[in-house]
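Taking it in order: structure first as C-alpha cells, then the write-up.
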Amino acid sequence: MRRESLLSGLAAQNSGPVEFEDAFSTQTDAEAFFQNGTENAQKTHYCGVLNPEHVNQEVKLAGWVGKRRDHGGLIFIDLRDRSGLIQLVFDQHDGLELFKLAECLRSEYVVAVEGEVLKRSEETINRSLPTGEVEVRVKGMKILNTSKTPPFYIEDNINVDENLRLRYRYLDLRRPEMLKRLQLRHRTVKLVRDYMDHHDFLEVETPLLTRSTPEGARDFLVPSRMHGSSFYALPQSPQLFKQLLMVSGLERYFQIARCFRDEDLRADRQPEFTQVDIETSFISTEGLFALTEGLVARLWKEIRGIEIKRPFLQMPYREAMDRFGTDKPDLRYGLELVDINDLAQKSEFKVFNFALENGGAVKGLRVPDGKRLSRKDLDDLTLLARQLGAKGLAWTYVEEEGWRSPISKFFEQPLIEEINRKMEAESGDVLLFVADRWETTCQVLGHLRSHFAPPVTSAQPSFLWVVDFPLFHYNEEEQRNDSDHHPFTAPRDEDMPLLDSDPLTVRARAYDLVLDGVEIGGGSMRIHDSSTQAKIFKLLSLSEEESREKFGFLLEALAYGAPPHGGIALGLDRMVALLTGDESIRQVIPFPKTATASCLMTGAPSAVSCKQLEELKLKLQQQQQEEDNEK
RNA sequence: GGAGCUGUGGUGUAGAUGGUUAACAUAUCGGCCUGUCAAGCCGAAGAUCGCGGGUUCGAGUCCCGUCAGCUCCGCCA
C-alpha cells in the first residue's frame, strides 16, 4: 500500500518532459529497510536521503568516493551510493590519524564512515544538491577497497566513446543516470507483474532450449551433446508454448520473456531482448486491446505521470500505408502522402503513366516551405529514394507562376493547378512524387516523410493500433507466400473464402501497437482448430510431412479441445526506452551487444576448445578444409 | 550482403592547402592551501595519431586495404 501511494505521489510531480525520479525520494524506504534488517550493518542510511531532519544524528554510511576537494587542513569528499551524494568533511582538528587516511582517498575508493550530520551554515548550502543543506563530519573511516583511476568520469552527461562504456559497463552502470535507468526498468517490470496478477494472469516460464522451427527470423542454435548432430534453438518468442498453455486450460498467461533472433542489429534491435508476452483464451480482439491499453496507460501514468486517452485509435494497415507510408506511423505530425493516381493519368509524364499501367500507384508528398531545399538537397533525396527501392524521385518547386521542375513540361497548367489543389500546395513548397508499385511508392514516400518530421512539441504520446494486416505476403526470393505475422495467426472470418481464390488479399486478425512511430508490440488471434492450421501450413508451401514433422505437436494439441485464444507481445526494452526518452534500447539494457552482436566486456562470442567441439561432435569448416588439404 | 559517419596522451577535443620539438582542456602524480562543491595556485609526467601497406625527400594530414564502434538499407515483427 505504501508503495502505491509513493508511486502516485511521484507521478504527480513528474508530468513534464522525461525526468527520472530520485532513486529514493522518501526517507521512509531506506529507513524501513535498515530498521528491518541487520544485513547491512555498515550503513544506517543511504547517502542521498540525508536532510535537515537528520541533524545531530550519528550515521554510518558506505559508498564510493566521488569528487575530492582538498584544502590542506580541511578535506571535502563527495560520498556516493545508489541513492545519491552527500558531502563528507574531514577536519585535521578531529584527529591526525583519520585525517592522514582521508588524504589517501582517491576516486572510486570504497569507504565506510561514521560521523555526525551537521546543518551547513547558510552561505555554504549547496542548492543544486538534494542533500546540500547538510554534511557529515566524519569521526571514523575504514577504506574497504582502493580503485584504479577509472577510464571515464563516473557522473551523468559524460561524452565518451560507447566502445569504452561497453568495455567497462560495470563502471558505466555506476553512473547515477544509468542506475536510475535500471531502477526505472525494475519498476516497469514490477508494475507489469502487479497489473497482470491483478487481472488474474499466471506467470509461467517456458523453455529456452527448444526446437528450431521454420519461418520468422534466423535461430540461435545450441548443439546437443547427448544427441549428436542435433540442435536446440533459443526461442524467437515463446509463441508455441503460450498457445499450448491455452490448450492446457491456463486461460490467462503472461511472462517477462527473453527472446532471441539472429538477425542484424539496429538501435532498437538486440539479438536477445525482452518481451511482455501475453496470451488469453475466450477473449475478443477488443477485449485484448482494452487489457493492453490498461497496462500501457498504467505504465505511462505511474512512471511518466501522463494520463493517456483511451481507447487508442485504430487504423487498418492499408490506410496506414496509404496515408503515412509505413505500418508504424508517427501521428504526432501531418505531412500525409497524397494519392494522385487519377491526376497522374492525365499527364504526359511516361514514368507516371507506366507505373499506373502496371497496377502501381503515384503519390505525392508536400514539403512545406520546400524552397529552402537546394538542387543538391533534391538530388540527395533522389539518391535516397533510389536506395530505398524506388526507380526515381520526381520533384518540383511550387511557385506563383507554376512549377519549376524538370518534369513541368509534361503537365498542362490546369493539371498543375489541380494537383496543387489536391496536395494543398502553396507557393514556396516543394512537391515530391514517387510512381512505382503501390507498396514501394508508399514506403519510399513514408521514409521521406519522416525525413521532414518537425521537432516534437507535444508531450502527449500518440498510441495507435494498426489492424487488418494481410495474412500473407509474397516472398520473391523463395517464390512463395510467407506469413506476414506468423503461421498461427487466424484469418478474418469473412475473408476465409478468399484463402483458396486470392490468398494475398486475406486479412489477418493481427494487430500492432504503435507509439510515436515505434512498434512496441504485436499479436493476433490464433487459429484454434487443426484443420484450418493444416490448411495454412499448406498455403505456406509446407508439405504435409514437413508440417507434421515441425509442428505435429501443435496440430495434435489443437485437436484436443483447444479454446479460442489470442495474445500480444510487448517489447519491454523499447517501452522502457520510450519511458526514459532514450534513442537506443542499449541505454536500458544492462549488458547490451554491439552492432555486430559482440559483448565488449566479456568478449563474447569466443572460440571454444577442441575438446568442447569434440564432445558436441562438431567440426569447424576451417578445420575440415585443413584436413582435406592434408589428404 | 550494401551505404554513410567516427577512430589523435587516461578522457574529450584542436591540428587549412602534406613540412622540423603534435596543441588545448580535464583527469593523473608531487607541492602549497581550513569552507569547497566544475575548489584554487605552482610544478611534473603522459600520445610514433586504430592497425597494415602505398605515394612522397617528408604522411596525423593523400591513396588502398583492414579492424572496431555508431546510423541506415537489405534482413528482422
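Each chain gets a letter, A, B and so on, in the order its sequence line appears, and its residues count up from 1.
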Take atom [atom1] in [N] and the same atom in [M], then report the distance between them in whole Å.
N	M	atom1	value
rG12(B)	rU6(B)	C1'	14 Å
rU36(B)	rG43(B)	C1'	23 Å
rG15(B)	rA23(B)	C1'	7 Å
rU13(B)	rC32(B)	C1'	31 Å
rU20(B)	rG58(B)	P	15 Å

Please name the nucleotide paired to [N] by Watson-Crick or G-U wobble geometry with both distances under 3.5 Å, or report none.
N	result
rA44(B)	rU28(B)
rU55(B)	none
rU61(B)	none
rG4(B)	rC70(B)

Below 3.5 Å between N/O atoms, which protein atoms pair up with nucleotides 44-52 of chain B? Just atom names and distances, please.
none

For this session: Tell me, please, whether Tyr333(A) has Arg449(A) positioned over its six-membered ring: NZ or CZ under 6.0 Å from the ring centre and within 45 degrees of its axis?
Result: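 Satisfied, under 6.0 Å and within 45°.
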For this session: Tell me, please, whether Trp438(A) has Arg318(A) positioned over its six-membered ring: NZ or CZ under 6.0 Å from the ring centre and within 45 degrees of its axis?
Result: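 Yes, Arg318(A) lies over the aromatic ring of Trp438(A).
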Problem set entry | Between rA38(B) (C1') and Leu85(A) (CG): distance, integer Å | 13 Å
Can a donor-acceptor pair be found between the side chains of [X] and [Y] at a distance below 3.5 Å?
X	Y	answer
Ser374(A)	Asp377(A)	yes
Gln275(A)	Arg574(A)	no
Asp482(A)	Tyr474(A)	no

Do [X] and [N] share a donor-acceptor pair, side chain to base, under 3.5 Å?
X	N	result
Arg167(A)	rG69(B)	no
Asp264(A)	rC75(B)	no
Arg269(A)	rC76(B)	yes
Arg386(A)	rC73(B)	no
Arg165(A)	rU11(B)	no
Asp161(A)	rG7(B)	no
Gln387(A)	rG74(B)	no

Exercise. Do we see His71(A) stacking on the base of rA39(B), given a limit of 5.5 Å between centres and 30° between planes?
Worked result: yes
Problem set entry | Most 5' of Asp70(A) and Leu166(A) on RNA chain B, judged by nearest nucleotide |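 Upstream on the strand: Asp70(A).
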Phosphate OP1/OP2 of [N] contacted by [X] side-chain N/O (<4.0 Å):
X	N	result
Arg69(A)	rA39(B)	yes
Ser598(A)	rG69(B)	yes
Thr596(A)	rG69(B)	yes
Arg137(A)	rG35(B)	no
Asn159(A)	rU13(B)	yes

For this session: Compare the minimum distances between each of rU71(B), rC75(B), rA77(B) and the side chain of Glu263(A), then state the nucleotide with the smallest one.
Result: rC75(B)
Problem set entry | Selected nucleotide, minimal atom distance to Thr124(A) side chain, candidates rG12(B), rC72(B), rU36(B) | rU36(B)
I need the minimum non-hydrogen distance between [X] and [Y], along with the two atoms involved.
X	Y	answer
Lys391(A)	Arg386(A)	O-NE, 3.1 Å
Ile536(A)	Pro491(A)	CD1-CG, 4.3 Å
Leu365(A)	Leu335(A)	CD1-O, 3.4 Å

For this session: Remember a base hit wins even if backbone is also touched, and classify Asp262(A) as base, sugar-phosphate or nothing at under 4.0 Å, heavy atoms.
Result: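 Result for Asp262(A) = nothing.
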Output a table of nitrogen or oxygen pairs between the protein and nucleotides 26-29 of chain B separated by less than 3.5 Å.
residue: rU26(B); atom: O2'; partner: Tyr153(A); partner atom: OH; Å: 2.5
residue: rA27(B); atom: O4'; partner: Tyr153(A); partner atom: OH; Å: 3.4
residue: rC29(B); atom: OP1; partner: Arg106(A); partner atom: NE; Å: 3.0

